[in-house]
Amino acid sequence: MSRPSETFSLKGVFGEVVKNPAGRAGVILLVMYIVLSAIAPIVYPYNMVIENWSSSTYWRENPRLAQPIWVKYLSGINLPENIILDSRDKTNPNVLKASVSLETVEYKEILIKFKVFYDYDDFPSEIALLFFNKFNQSNPYIKVFWTRPDGRELMIYSGMQRFRETTLYVSIDESVRKALTEFVANTTQELVDYPSPEVVLFAKAEPGMWNKDRAKILKSSSFGKPQPHVVSVRVFLYEGDADVDCRLIIYGKVYGLAGTDNRRRDLTMALIWGAPIALSFGLLSSLILTLIQTFLGSVSAWYGGVIDNVIQRITEVYMVVPFISILSAIAIFYRLTIWELLLAVVILSLFGSGIKSTKVLVLQIKEEAYIEGAISYGASDLRILLLYILPRILPTLVTSIVSSVPGFVFLEAGLAVLGLGDPMLPTWGKVVSDAYSAGAAYKGLWWWAILPSILIILLSAAFVLLGYAMDKIVNPKLREL
Amino acid sequence: MGKLRIYVHLLKRGLLLFITVVVAIYATIIIVNMGGYIDEIIKSQLLEDTTNLIKRDPIYRTLTPAEQDKLIKARYESELERRGLNQPFIIRSLIYLKDAITLDLGRSLYITSNTGSRRVQTIILELLPTSVMLFTTGTVLSFIITLYLGLYLSRHRGGLLDKIVVALSPSSGIPPWLYGIVFIIIFSSYLHIFPYGGLVSVPPPNDPVLYFLDALWHMTLPLICWILSGLFLGAYGNRNYFLLFSSEDYVTVGKAKGLPESAILRRYVLRPSSSPIILGLALGLIGSWQGAIITETVFNWPGIGLLTNKALTAVDTPIIIGLAVTYGYLLAATEFILEILYSYLDPRIRVLMG
C-alpha cells in the first residue's frame, strides 16, 4: 500500500508545493490576496469602513450604478467620469466667483460660473447642484443658467433658498423639466413631456435630441476652439454678510476600479476589505475545526472503547442535525457579526468528517513499532499523542486545513445571500447579496455581482490548487495518477 | 448461525440509528426554539394583543381599570392554556419531540400552503415535487455523468479531455448558487436564452404540454448549475478512484489471464469500488429532496429550500422541525438499507460479520 514510513517536514512540503505547477499557481494567487489584505487597512482604515459603509450621506457625490473605470479602455467608448466643480475652489481656472455689493442698502449679488468641457461619448448619468448658504433672516434668491457649447442658453431654475444646505437635483427637478420642455419645443419644434436634463443639455440641437437613444453628444471639441458648457449661478442676497457657495456635480457612468452600487457606494472599498475578512474567516474556521477534529479523531483512535463510541455517536447526531437551517436560525435570531458567525459555524461543525479520516490514520500509526517502543518505556498518552503521532499527521493536517478553506468562504457568502451577513462590515458575500437583491442579475449590472464572485472563486481556487499540490505529496499514491 | 449474527447486528444498528435521530431532533427543537425563548416572544405578543383588544373595545369601557386587568389576565391565561403555552418549555419540548418522532408534524405558525392549509405535512408535500423535479433529477444526472466521465478518463488517462477535467477540477467547490448568479447575468440578462427564475412563466401556459415544456425551460439553467458545480471534481475523483482500483494486483492478474476488458471492468474495478459510490449517490438523493436553500432563493424556485428560507425568516418552528425530522428519518432509513445492501454486495463485510 502507501509508504507509511515516509515522513515529511513542513518545509519540505512547501518546497514540493512550489515545484508543482498547480501549487505555484495557488501560491501566487494566495500571495495576491495576502497583499490585498495587507493594504486594505492602510487604504481604508477599519473604523472609517465601519462608519461609512452603511452611511447614506458619505457616498452622495459618487455616481449611482457606475461601471468600473477600466470598462472605458476595454470597450473603447469614452464613458463619462464624474465632473465636480466647487465655487470654493480658488485655483481651478474653470471656476469663477465674483460678487458685487451695494454699500448703502443691504444688497449683494454673486455670480458663480462653472466651465465644463464635455468630450465623452455618452451622456452623464445625473446632474446635481449643491448650495451652501450663509444667511441670517433673508433667504437668498438663486437663478441658474445653462449655456451650451453651441451658444444656446436657458434658465433651468430660479428659487428661494430656505436652508443652510440645499441640493438642486437637476435630473429630477420639476422646474428644470419644465424649462427643458420649452427649450426642446423652441429648438426642434417637438413636444416632449419629460425630457431628461442630462440628455437634452448635452445633446446636439436636432430633432430627437430628447431621446437618449437617438440624440448625439454635443462635444466641446467639435468647435474650432473648444467651447465649454457654462453653468452660471446668479445669487441675490439681501444681507451684507450673507454668502452662497455652490458645487456642481455631473455624475459620470464609470467610477473607480470596481464601480458603484445602487447606493452610490464605491465597491472598491468592499472588494478590498472583503479579502482580509474572507481570508481570516476561511482560515480561522478551517484551522480551528481541523485542529479540534484531529484531536478528537486521535483521542478516539488512541483510547478506543467508550470514548471512541461516544465520539462516533455524537458525529452521527451531527450528521442528522440540519446544519444550514440551524445556523441560519441562530444568525437570524441574534443578528450575528461575522466573528460570532464564525463561532457558530465552528460549534455546529465540531463533529465532522475530519474525525473519521484522522482516526483511520492514527489507527495505522498506532500499530507501528516505534509507538510500541514508546509505550514500553512508559511514555504518557499525552506525550505519545502530541510528540509521536501528531508530527506524523501534521502534513495531512495542513493539507486538510488548506482544502477546507473554500467551503467556509462560500458558506459566508451563501449566508450573506440569504441576508444573514455581518450587519456593518462589507464582505464579498454581502456585495453579491446586495447585487442579487437589487436585481443586478436581471438588470445586467454585471460588475456588481460578478467582480465579488470572481474574487471569491479565485480565493477558493488558490486554496484548492494548494490543497491539490499538498495532497499529491502527502498521498504518494496520487502522485502517479 | 451466521444469519442470526447479521440480524442481531442489524437490530443493534437500527436501534442506534433511531436513538441518533431522536437526539438530533431534540437538539434541533431546543436550538430552533432558542431554548424556549421563542415561546416568550409568542407569549408577550399574545399579552399585548389581548390587552389591546380589551382596552379598545367600547363594551368594556364601563369597567374599572382593575376589572379590565382582571379580564385581560383571564383571557390571556385561557389563551395560554389553549395553546399549551402554560406548561414549562422543558415539558413542551418533550411533547414536540414525541409529535415529531411519531411524524405528527402539526400546524405551522404563519406559513400556509397554496390551498390555504396550515398542516405542515400538506405544505411540505405541496412543494416536494418541485424540489424533487429539479434536484433529484440533477443528482441522478450528475451521478451518471461523473461516473461515466470518470470511467472514460481513467481509461484514457493523459488525453486532452483528461487534462481539461483535471485542470478544471479546482473550479469545484464553487456552489451552484454562485454559478446561478453569474449564469443569470450571462444567459438571461445579456443573451436572453433562459428565464430569470421561477417555475413557470407568468402567466403560465394553459395547455399541459406547453406548461411542462415551460417548466423544463425554467429548470434548465438551475439544473446546469447544479450539475456543473460537482462535475469536474466528481469526474476527477471517480477517475482517481477507478485508477487506484485498476492498479490492484488482481486486475493485473485478470489481464494476464486474458479476460476481456469489459469483464475486468465490471468484476474487478466496478464491483469493489461500488459501495462508496452507492453511498455517495444515496446521500445525494436523500439530500436532494430538501432542495437547496440558497440555490432555490437565487433562482426563485418554489421548492423545499425556499420554504426553509421562508420558515427560518418567519421563525416558523414547526416547519423547520418537520423538515428536520423528515430528513433525519430518511437519512437513518437510507443508512440502514445500505447496511443491509452492503452485507450482500460486499463480500468483505459479509465475511467480517460472520
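For clarity, every value in this text was computed on a predicted model and none was experimentally measured. Within every chain, numbering begins at 1; the chains are lettered A, B, ... in the order of the sequence lines, protein sequences first and strands thereafter.
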Among the listed options B:Ile320, B:Ile293, B:Asn309, the residue most often paired with chain A at heavy-atom distances under 4.5 Å:
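Top option by heavy-atom pairs under 4.5 Å: B:Ile293.
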In terms of heavy-atom pairs under 4.5 Å with chain A, which of B:Val21, B:Thr313, B:Ile31, B:Thr308 leads?
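The residue among B:Val21, B:Thr313, B:Ile31, B:Thr308 with the greatest pair count is B:Ile31.
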Residue [X] versus chain A: region with a heavy atom under 4.5 Å:
X: B:Leu323; answer: neither
X: B:Tyr190; answer: side chain
X: B:Ile174; answer: both
X: B:Ile294; answer: both
X: B:Ile184; answer: both
X: B:Ile321; answer: neither

What closest approach, in Å, do [X] and [Y] show between heavy atoms, and which atom pair accounts for it?
X: B:Met34; Y: A:Ala329; result: CE-O, 3.5 Å
X: A:Ser325; Y: B:Leu312; result: O-CD2, 3.3 Å
X: B:Thr28; Y: A:Pro322; result: OG1-CD, 3.7 Å

Take atom OH in B:Tyr37; do more than 12 heavy atoms of anything else shown fall under 6.0 Å from it?
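Count not over threshold, so no.
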Please check if atom OH in B:Tyr26 has more than 12 non-hydrogen atoms from other residues, nucleotides or ligands closer than 6.0 Å.
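Yes, enclosed.
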Stepwise side-chain hydrogen bond (donor to acceptor under 3.5 Å, both in side chains) check, A:Tyr468 with B:Ser169:
CA-CA 10 Å; A:Tyr468 270 27; B:Ser169 59; 2.9 Å; yes
Non-hydrogen atoms of chain B under 4.5 Å away: do they reach the side chain of [X], the backbone, both or neither?
X: A:Tyr318; result: neither
X: A:Ala435; result: neither
X: A:Val464; result: side chain
X: A:Ile330; result: both

Report the distance from atom [atom1] of [X] to atom [atom2] of [Y], rounding to the nearest 0.5 Å.
X: A:Met319; Y: B:Leu283; atom1: CE; atom2: CG; value: 5.5 Å
X: A:Trp428; Y: B:Leu178; atom1: CH2; atom2: CG; value: 12.0 Å
X: A:Glu316; Y: B:Leu16; atom1: CD; atom2: CG; value: 6.0 Å

Distance-only, no hydrogens or angles: does the A:Tyr436 side chain make a donor-acceptor pair with backbone N or O of B:Thr297 under 3.5 Å?
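Yes; judged by distance alone, with no hydrogens or angles, the pair exists.
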Passing candidate, side chain to side chain contact (heavy atoms under 4.5 Å, CB included) with A:Val320, options B:Val23, B:Thr20, B:Leu330, B:Leu17:
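With A:Val320 as partner, B:Val23, B:Thr20, B:Leu330, B:Leu17 yield a single side chain to side chain contact (heavy atoms under 4.5 Å, CB included), made by B:Thr20.
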Let me know which of B:Ile181, B:Val298, B:Val182 forms a side chain to side chain contact (heavy atoms under 4.5 Å, CB included) with A:Val432.
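Checked B:Ile181, B:Val298, B:Val182 against A:Val432; only one passes side chain to side chain contact (heavy atoms under 4.5 Å, CB included): B:Ile181.
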My understanding is that only residues two or more places apart in sequence, or in another chain, count here; which of them pass side chain to side chain contact (heavy atoms under 4.5 Å, CB included) with B:Pro222?
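So B:Pro222 forms a side chain to side chain contact (heavy atoms under 4.5 Å, CB included) with B:Leu134, B:Phe299.
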